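Worth saying up front: this structure is predicted, and the values here are computed from it rather than measured. Residue numbers run from 1 in the order of the sequence given.
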Amino acid sequence: MQKKKDFRFELLMDAGNGAQKAGDILIKAFAKKGIYVFIEPIIPAEISPPKRTPFSLSGAVIRLSDSDITNIGSFSDVVMVEHEILLERRFQDQEFNEGCTVFLDLGSKKRAQDAYDAVEKKVVDSGYNLVTFTIAEEAEAIIKSLNGNGKNMYYLGIMARLFNVDKDFLITFIRQTFKKLPKDKLDSNIQIFEYGFLANLVADSDCISFDGAAHKSEKVLLDGNTAVALGVIDAGIRLYAGYPITPASSIMHSLARLLPAYGGVLHQAEDEISAIGTVIGSYFAGVPAITATSGPGLSLKQEFIGLSVASEIPCIIVDVQRGGPSTGLPTRTEQTDLFAAAYGSHGDGPKVVISVANVDDCFYVPHIARYIAEVCRLPVIILSDYMISVSYRVVDKLKQCQLEDVKEIDDFVLDHFYLDRLPDTIEMVKENQNSPGIPDQMRRVTGLNTGASGAIEYSADSNHRAHQIRSQKIHAIRHALKTPERFGAESGDLLLVGWGSSRGAIEEAVQSLEADGYSVGGLHFKMVYPLPLNIADIFKSYQHVVTVEMAYGDSLKSTPFSMMLRSETLCDVKGLICEAKGRPIKPIYLIEKAQSFLKEVQHV
């Protein structure tokens, strides 16, 4: 038996064959045993892609630890894969650890002998351990009787044996997951699982165990999009209008089940433009509302975002970023919508941009977004990304707020986003901000320029006043911002700066670099625009400042956040991690890049 403190493994199958379902069952069992988990589903971009093709790659990457973890890690130690094509495809991502063990199902080898031989040779030549197997005949017969379904249960059995998970304990989770199946089909799936468990592919000495202990406090297992949906309800937002788009759609799926029970309304609009129009209309009537989309949808919403600015009607937009431009990479992660969010609309239309880094952020961000949107009467854009949206994590049970009046927002929510309470009164362009239905308080709504009375005005002074007041709203937020979250040394040779889902990699890299004697700090932003007033002073405490972004950059093209920071601080901020590969940032890669950078600049 091998005891581990940190371990990452993968289960890879054709889309539709249940790899993610098997992964979900396994992580629930781990979490129940007190082991910390972080799971990244691998989801194909196409709907029902043809099986036995690279496009059909589906599965789960799972990281386990005996202590809290904030990211998916760098490399996998074990890979379980259904056939040679998926293994060849996953090789391209270069995420297998040294000494990685690859379990390869030979069930399709007769139809692709040469391809199997080639990929098996590649595994061995790369220094990985290869374990080949075929599904037991008894299990294969049951799978055939289920029309080809159930292979994931066999793999789950092998994994349960590998990780020394009690068979009967895991069966309880299988029963919970498939409780809606007819009894005979459920029993068949359990039989397949048991055959996998008894396959004896792993010697006792090679089994893996963790020192998991029952959690002292109540924990929950949540993914980012579900946390956003639950946060929407707890924040007192009563209307969701959206149009399906990957990877934001599951927010709408969750709210479709839950929001009506809390007195809310879910509206599936005919398109992205209609969705944001509905949100603005709802807020005009006094009902807090929100929409969620991804990059292509954010582009379509820009004109209505401008209307929200000009008319001073709040709106909240969640942008779950994916690879772009255009349709791009629907099921891969990037941080490339920053400029579209902060500066996207035509004209000078100030707006607020907040990022999320983990499940906790996802739950509380609707609260802070609603607070800012209603106090300042501005659009607020929440930037999540694919990685955060689909990744499950074990977290403490989240404190509920049951927010009704934004003036009563809890201080701990403000502190969570490093924001002091905003002034009680903030000047508006239009003095009358009443909702419809109040006697003698009829209010004009227009995208045209207006004066204080709300009447349309085209004078130079009136237009300048409107711009000034809208900017003052942003300045009020800027003055209320505290110092962002910091890691490591508060002065030194290098500062790693990031936002959104880069947080976990930055924290882990700083801890590792400091342990190796480097003078390194980290700075992570939740509020991405506007930025706090003191960041230039923080930057001057370090010899070098670099950003960590999932966005392309090179010697002639700065990454979005490094460009924003340079313009705001006039400090020499460079992009250290500036790749758009659609994969999360590896902590080990960040560590190596930081070491290489310091060696280069200190040598010079």
> Is it the case that more than 12 heavy atoms not belonging to Asp461 sit under 6.0 Å from its CG atom?
no
> Determine whether Leu531 and Leu565 satisfy the following criterion, side chain to side chain contact (heavy atoms under 4.5 Å, CB included), listing intermediate values before the conclusion.
CA-CA 9 Å; Leu531 294 169; Leu565 293 173; 3.8 Å; yes
> Decide yes or no for Met563 and Phe339: does some side-chain heavy atom of the first lie under 4.5 Å from some side-chain heavy atom of the second?
yes
> Test Val520 against every option in Ile506, Leu496, Leu495 by the side-chain contact (heavy atoms from CB on, under 4.5 Å) rule and name the one that passes.
Leu496
> Does any N or O in the side chain of His524 come within less than 3.5 Å of the main-chain N or O of Arg486, such that one atom is a donor and the other an acceptor?
no
> Under 4.5 Å between any side-chain heavy atoms of Tyr243 and Lys301, yes or no?
no
> What's the separation between atom NE2 in His416 and atom CD in Glu485, rounded to the nearest 0.5 Å?
8.5 Å
> Hey, mind stepping through Ile290 and Val279 against side chain to side chain contact (heavy atoms under 4.5 Å, CB included) and telling me if it holds?
CA-CA 6 Å; Ile290 191 169; Val279 167; 5.7 Å; no
> Would you call Asp93 and Lys581 a salt bridge, using N to O less than 4.0 angstrom?
no
> Are there over 12 heavy-atom neighbours, none belonging to Phe525, within less than 6.0 Å of that residue's CZ?
yes
> Below 4.0 angstrom, N of the basic side chain to O of the carboxylate: do Arg322 and Asp385 qualify?
no
> How long is the gap from CG on Leu221 to CZ on Arg393, to the nearest 0.5 Å?
11.0 Å
> A quick test of your reading: do over 12 heavy atoms of other residues, nucleotides or ligands sit less than 6.0 Å from NZ of Lys482?
yes
> If a pair satisfies ring-ring contact (aromatic ring centres under 6.0 Å, His included) and one of its residues is in residues 449-486, list it, with sequence neighbours excluded.
none
> Can you name the closest pair of heavy atoms from Ala369 and Ile316 and give their distance?
CB-CG2, 3.9 Å
> Could you check whether any side-chain N or O of Ser567 sits under 3.5 Å from a backbone N or O of Met564, counting only pairs where one atom can act as donor and the other as acceptor?
yes
> Would you say the side-chain atoms of Ser294 pair up with the backbone N or O of Pro247, donor to acceptor, closer than 3.5 Å?
no
> Main chain of Leu383, side chain of Gln335: is a donor-acceptor contact present, judged purely on distance under 3.5 Å?
no
> Please evaluate residues Val352 and Ile474 with respect to the criterion side chain to side chain contact (heavy atoms under 4.5 Å, CB included), reporting the C-alpha separation (whole Å), side-chain torsions for both, the decisive distance (0.1 Å), and the verdict.
CA-CA 8 Å; Val352 177; Ile474 294 293; 4.0 Å; yes
> Starting at CD of Glu490, measure out to OG of Ser541 and round the result to the nearest 0.5 Å.
8.5 Å
> Do Val365 and Val318 come close enough that some side-chain heavy atom pair is under 4.5 Å?
no
> Salt-bridged, Arg478 to Glu568, with N to O below 4.0 Å?
yes
> Can you confirm whether Asp405 is buried at CG, in the sense that more than 12 heavy atoms of other residues, nucleotides or ligands lie under 6.0 Å from that atom?
yes
> Which distance, rounded to the nearest 0.5 Å, do you find between the OG1 of Thr559 and the CD1 of Ile577?
10.5 Å
> Are the charged groups of Glu508 and Arg63 less than 4.0 angstrom apart, N to O?
yes
> Counting neighbours of CD on Glu303 that are heavy atoms of other residues, nucleotides or ligands and sit closer than 6.0 Å, is the number greater than 12?
no
> What is the minimum heavy-atom distance between Leu222 and Val359, and which atoms define it?
O-CG2, 3.4 Å
> Does Glu549 offer a backbone N or O that forms a donor-acceptor pair with the side chain of Thr547 under 3.5 Å?
no
> List the steps, then state whether side chain to side chain contact (heavy atoms under 4.5 Å, CB included) holds for Ile245 with Glu272.
CA-CA 9 Å; Ile245 184 171; Glu272 297 280 4; 3.7 Å; yes
> Can you find a pair of side-chain heavy atoms, one from Leu414 and one from Ile368, that are under 4.5 Å apart?
yes
> Please report the interatomic distance CZ(Phe284) to CD(Gln433), rounded to the nearest 0.5 Å.
10.5 Å
> With the threshold set at 4.0 Å, does a side-chain nitrogen-carboxylate oxygen contact exist between Glu40 and Arg583?
yes
> Using the salt bridge (charged side-chain N to carboxylate O under 4.0 Å, His left out) rule, pick out the option among Arg443, Arg377, Arg444, Lys473 that qualifies with Glu312.
Lys473
> Less than 4.5 Å apart, any side-chain heavy atom of Asp360 and any of Leu398?
yes
> On a heavy-atom basis, which atom in Ser389 and which in Asp223 lie closest, and how many Å separate them?
O-OD2, 3.0 Å
> What are the two closest non-hydrogen atoms of Pro296 and Ser326, and how far apart are they?
CG-O, 3.6 Å
> Kindly say whether Ser250 contributes a backbone atom to a donor-acceptor pair with the side chain of Ser254 at under 3.5 angstrom?
yes
> Check this for me, if you would: do Arg421 and Asp411 make a salt bridge, where the nitrogen-to-carboxylate-oxygen distance has to be below 4.0 angstrom?
yes
> Test your reading of the model: is there a side-chain donor-acceptor pair from Glu95 to the backbone of Lys586, 3.5 Å cut-off?
no
> Nearest 0.5 Å, please: how far is CG in Asp271 from CD1 in Ile276?
11.5 Å
> With a 4.5 Å cut-off on side-chain heavy atoms, are Met550 and Ser502 touching?
no
> Does atom NZ (Lys407) have a neighbourhood of more than 12 heavy atoms from anything else shown, all under 6.0 Å?
no
> How far apart are the closest heavy atoms of Tyr240 and Ile251, and which atoms are they?
CE1-CG2, 4.0 Å
> Output, in order, the C-alpha distance, side-chain angles, deciding distance and verdict of side-chain hydrogen bond (donor to acceptor under 3.5 Å, both in side chains) for Asn534 and Thr483.
CA-CA 7 Å; Asn534 65 337; Thr483 300; 2.7 Å; yes
> Just by modelled atom types, is the Ser384 backbone N or O under 3.5 Å from a matching donor or acceptor in the Gln321 side chain?
yes
> Please check if the side chain of Thr291 supplies one atom and the backbone of Ile317 the other of a donor-acceptor pair under 3.5 Å.
no
> Going by heavy atoms in the side chains, are Val390 and Asn225 under 4.5 Å from each other?
no
> Please check: side-chain N/O of Ser355 versus main-chain N/O of Lys526, any donor-acceptor pairing under 3.5 Å?
yes
> Apply side-chain hydrogen bond (donor to acceptor under 3.5 Å, both in side chains) to Tyr283 and Glu374, showing your working.
CA-CA 9 Å; Tyr283 247 125; Glu374 293 185 20; 2.8 Å; yes
> Minimum heavy-atom separation for Pro530 and Leu481, please, with both atom names.
O-CD1, 3.3 Å
> So Ile585 and Val548, do their side chains get closer than 4.5 Å, heavy atoms only?
yes
> Can you tell which of Tyr371, Phe417, Phe412 makes a ring pair (Phe, Tyr, Trp, His ring centres under 6.0 Å) with Tyr364?
Phe412
